[in-house]
Protein chains: 2
Amino acid sequence: MKGIRLLAEHLDISIGTVSRALNGKPDVNEETRRRVLAAAAELGYVANQSGRSLRQGETKVIGLMIESSQEAVENADNFFLGVTSGLQHVFARHKLDLLMLPCPAGEDPCEYLKRMVARRLVDAMIISNTQRMDRRIDLLSRAKIPFAAVGRSRSAGNYPWVDLDFEGVAERAVERLVARGHRRIAITAPSSEVNLGYVFVESYRRTLERYGIPFDPSLVIRVKSSEQGGYQAAHELLQLEDRPTAVILIYELMAIGLYRRLMEAGIRIGRDLAVIGFRDAPRARFLQPSLSCFRMSLYDLGIALGQTLLANMPAYRAFYPDGGHNIIWPLELVPGESDAFEVGASV
Amino acid sequence: MKGIRLLAEHLDISIGTVSRALNGKPDVNEETRRRVLAAAAELGYVANQSGRSLRQGETKVIGLMIESSQEAVENADNFFLGVTSGLQHVFARHKLDLLMLPCPAGEDPCEYLKRMVARRLVDAMIISNTQRMDRRIDLLSRAKIPFAAVGRSRSAGNYPWVDLDFEGVAERAVERLVARGHRRIAITAPSSEVNLGYVFVESYRRTLERYGIPFDPSLVIRVKSSEQGGYQAAHELLQLEDRPTAVILIYELMAIGLYRRLMEAGIRIGRDLAVIGFRDAPRARFLQPSLSCFRMSLYDLGIALGQTLLANMPAYRAFYPDGGHNIIWPLELVPGESDAFEVGASV
DNA sequence: AATGTAGGCGGAAACGTTTTGGGATGTCAA
DNA sequence: TTGACATCCCAAAACGTTTCCGCCTACATT
């Protein structure tokens, strides 16, 4: 004899009453409830999740899908662990547990997600690394599984997401550099087919033109958002005829590769060239000279993300009446030495 | 009507047969099996995990417990994501899924684990960050949940674990430094009450004595294994009267803080002082001068860990007849510039 | 023709839980 | 005394799956 039945027998009451007592339902004498709770604690009883899920059709578990491929691992740089903390803070309030579902390296993310969802292992999902056209979004919508995404995509339908304020970052980075006398400012971005690559560069272009600086396509460097990409970006910068005096990175991690290549070429960062990074990557915090960059609190981002998700789950909606559907997450500039000079100033 | 019942009705056979067909059991006509499989694919049927788990008493899920506290996040530096990949490679063979269970920052790890285990959400667990006396090990042993640990502990009983070869690293680091003329070699380590702190320093001591170099306790610097700790270690090094010419770090990440403090003090790393690191932390890969350090493949470690776990699960034991109970994981020296000089050599 | 055997299938029980409908008891007002 | 009502509890059904047991058919063996 196991589980709730054991407990019921031990107390000499029915299992139904035990269940109601444990779950805080009415219709149970306070004295009885007290006894049940005491006995449960004593015997170390915890409800079997399978039985409960089967009956209720819900698991009280939220899944966070991440990728465990080599490349994703290299680039994530603790991003998810940081967000997780914020998510859990929100979920704890509702006795929800967070599980991370790492998609195996070889498997198609969409298939993996389908498998996980169909197994009814989780009540809701958070997906990340959203692609331009992400089949996972259609999948989840059709399966009617509540979800939230980290990152916008162009997939059809409106769904809840939280994304970083790329436009704002590009705008403020340009403003900052222009204020220091820069006129030729390069920018890195992924392919313009990726939503992010488009948005980031557009904002950069608009801001430049606001200052009457013509947009020069050769200053837009399309590379991967990784250390490797940073190295390559630096390489391409060095090839340019009329070399820029500043460069804006779309991902802080790129700075590592970029620094290396520039140092090889004898360029003094923060003297000959200004660099501004973006997004928090602990790995890049220790560059010398220190990197000026836009950062955010992953914890707070996690909180917003969690609330956005819950606001889209019928059972919890009431708790988050104005739970934003879509959130553009602001970033804060943390000044460093990498852009601490005025163009033309004597050294 | 849902699930297997729907499928059975659609095919006009009983649910029992459908189940047997899907699970590759005998006692089902090959033609029937083919039809069932086809229909399942067409209707997108995937067994409900709750029902299955309830019936079978197993979930086909392995849990990897990690910590999501701020400190753990800072120090982990992608360690788990890396191992995960190897684990999954092993588990995939048995159609086991890996879930990461992040222990919320505030919660007691042992209570969290108890909660998760009691819910019967996973068949087995992998725990990490094992403490000197880890209550989780007793808990899992008593609950008869198969598990494996990353890291030895002094907890009672023999249980499966995989740990890094601290002794070997300390020994080889000393050998390497002595060969380059160093006689005063400092070492960092956590408190000697932590098993690791004891083992690491003991090996260092033995190796020194093998070369006839007396052990000097003042050269053992007890600090946290973090960037912060590295900074502090450098600070303490600078206070020493008879300053050492080399230092061995127990965790690569410490190098970041250490470098910073030493550079502030005008010490030239790789010229005035040799530094050797240990364990793979991507964040430290980009230091200048590059760090000599002992590294390993997280992927391969994950594979070994996975096999060790399965070898201890009755259902899978047969696949891993000589699945090592305990594994001391070797590391490989990747030479860098940080110790590339001979003591006394002219520069 | 009778018997044995194997293959293939259906029926039903079981896993542990929550929930529903209703039954027993007690209290209060008419 | 009776009825109405609230309180507390029990019994049973249901969730979706796997598995045990036994039945049926077809075929081979005597």
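Quick caveat: nothing in here was measured; it's all calculated off a predicted structure.
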Quiz item: Does Q56(A) make a side-chain N or O approach to OP1 or OP2 of dT19(C) shorter than 4.0 Å?
Solution: yes
Practice problem: Pick base, sugar-phosphate or nothing for D27(A), based on heavy-atom distances below 4.0 Å to the nucleic acid. | Solution: base
Quiz item: Please give, in whole Å, the distance from dC9(C) P to I13(B) CD1?
Solution: 7 Å
Quiz item: Mind checking whether Y159(B) and H325(B) have ring centres under 6.0 Å apart?
Solution: no
Quiz item: So does T17(A) get a side-chain nitrogen or oxygen closer than 4.0 Å to the phosphate oxygens (OP1/OP2) of dC10(D)?
Solution: yes
Practice problem: Output yes when E107(A) and R115(A) qualify as a salt bridge under the 4.0 Å nitrogen-oxygen rule, no when they do not. | Solution: yes
Quiz item: Under 4.0 Å: is that the gap between some side-chain N or O of R52(B) and OP1 or OP2 of dG16(D)?
Solution: no
Quiz item: Think N29(A) has a side-chain N or O under 4.0 angstrom from the OP1 or OP2 of dT7(D)?
Solution: no
Practice problem: Check the pair R33(A) / E31(A) against salt bridge (charged side-chain N to carboxylate O under 4.0 Å, His left out), numbers first and verdict last. | Solution: CA-CA 5 Å; R33(A) 188 190 304 278; E31(A) 166 62 14; over 6 Å; no
Quiz item: Between dG16(C) atom P and E58(B) atom CD, what is the distance in whole Å?
Solution: 14 Å
Quiz item: With L96(A), which of L309(A), L87(A), L310(A), V61(A) fulfils side chain to side chain contact (heavy atoms under 4.5 Å, CB included)?
Solution: L310(A)
Practice problem: May I ask you to say whether D12(A) pairs ionically with R35(A), meaning some side-chain N is under 4.0 Å from a carboxylate O? | Solution: no
Exercise. Assign S50(A) to base, sugar-phosphate, or nothing according to its heavy-atom contacts below 4.0 angstrom with the strands shown.
Key: nothing
Practice problem: Describe the nucleic acid contact of S53(A) in one word from base, sugar-phosphate, nothing, applying a heavy-atom distance below 4.0 Å. | Solution: nothing
Quiz item: Donor-acceptor pair, T59(B) side chain versus S53(B) backbone, under 3.5 Å?
Solution: no
Practice problem: Identify whether any heavy atom of G3(B) sits under 4.0 Å from a base atom; if not, whether one sits that close to sugar-phosphate; answer base, sugar-phosphate or nothing. | Solution: sugar-phosphate
Exercise. Give the rounded distance in Å between these two atoms: CZ of R55(A) and C1' of dA14(C).
Key: 17 Å
Quiz prompt | Closest to side chain of N48(A), choosing from dG10(C), dG16(C), dT17(D) | solution = dG16(C)
Self-check item: Interatomic distance where CD1 belongs to I4(B) and P belongs to dA14(C) [whole Å]
Solution: 19 Å
Quiz item: Taking the nucleotide of DNA chain C with the closest heavy atom to each, which residue, V18(B) or K25(A), is nearer the 5' end?
Solution: V18(B)
Practice problem: Report the distance from atom CG of L7(B) to atom P of dT18(D), rounded to the nearest whole Å. | Solution: 11 Å
Quiz item: Between atom CZ in R5(A) and atom P in dA14(C), what is the gap in whole Å?
Solution: 11 Å
Quiz item: Of the candidate nucleotides dT18(D), dT17(C), dG16(D), which contains the atom at the shortest distance from the side chain of N23(B)?
Solution: dT18(D)
Quiz item: dC8(D) P sits how many Å from R33(A) CZ, rounded?
Solution: 10 Å
Self-check item: Whole-Å gap separating C1' (dG7(C)) and CD (E31(B))
Solution: 15 Å
Quiz prompt | Minimum-distance nucleotide to R20(B) side chain [options: dC15(C), dT17(D), dG11(C)] | solution = dG11(C)
Exercise. Ignoring backbone atoms, test whether S19(B) places a side-chain nitrogen or oxygen under 4.0 Å from the OP1 or OP2 oxygen of dT19(D).
Key: no
Exercise. Hey, which sits more toward the 5' end of DNA chain C by its nearest nucleotide, I15(A) or E30(B)?
Key: E30(B)
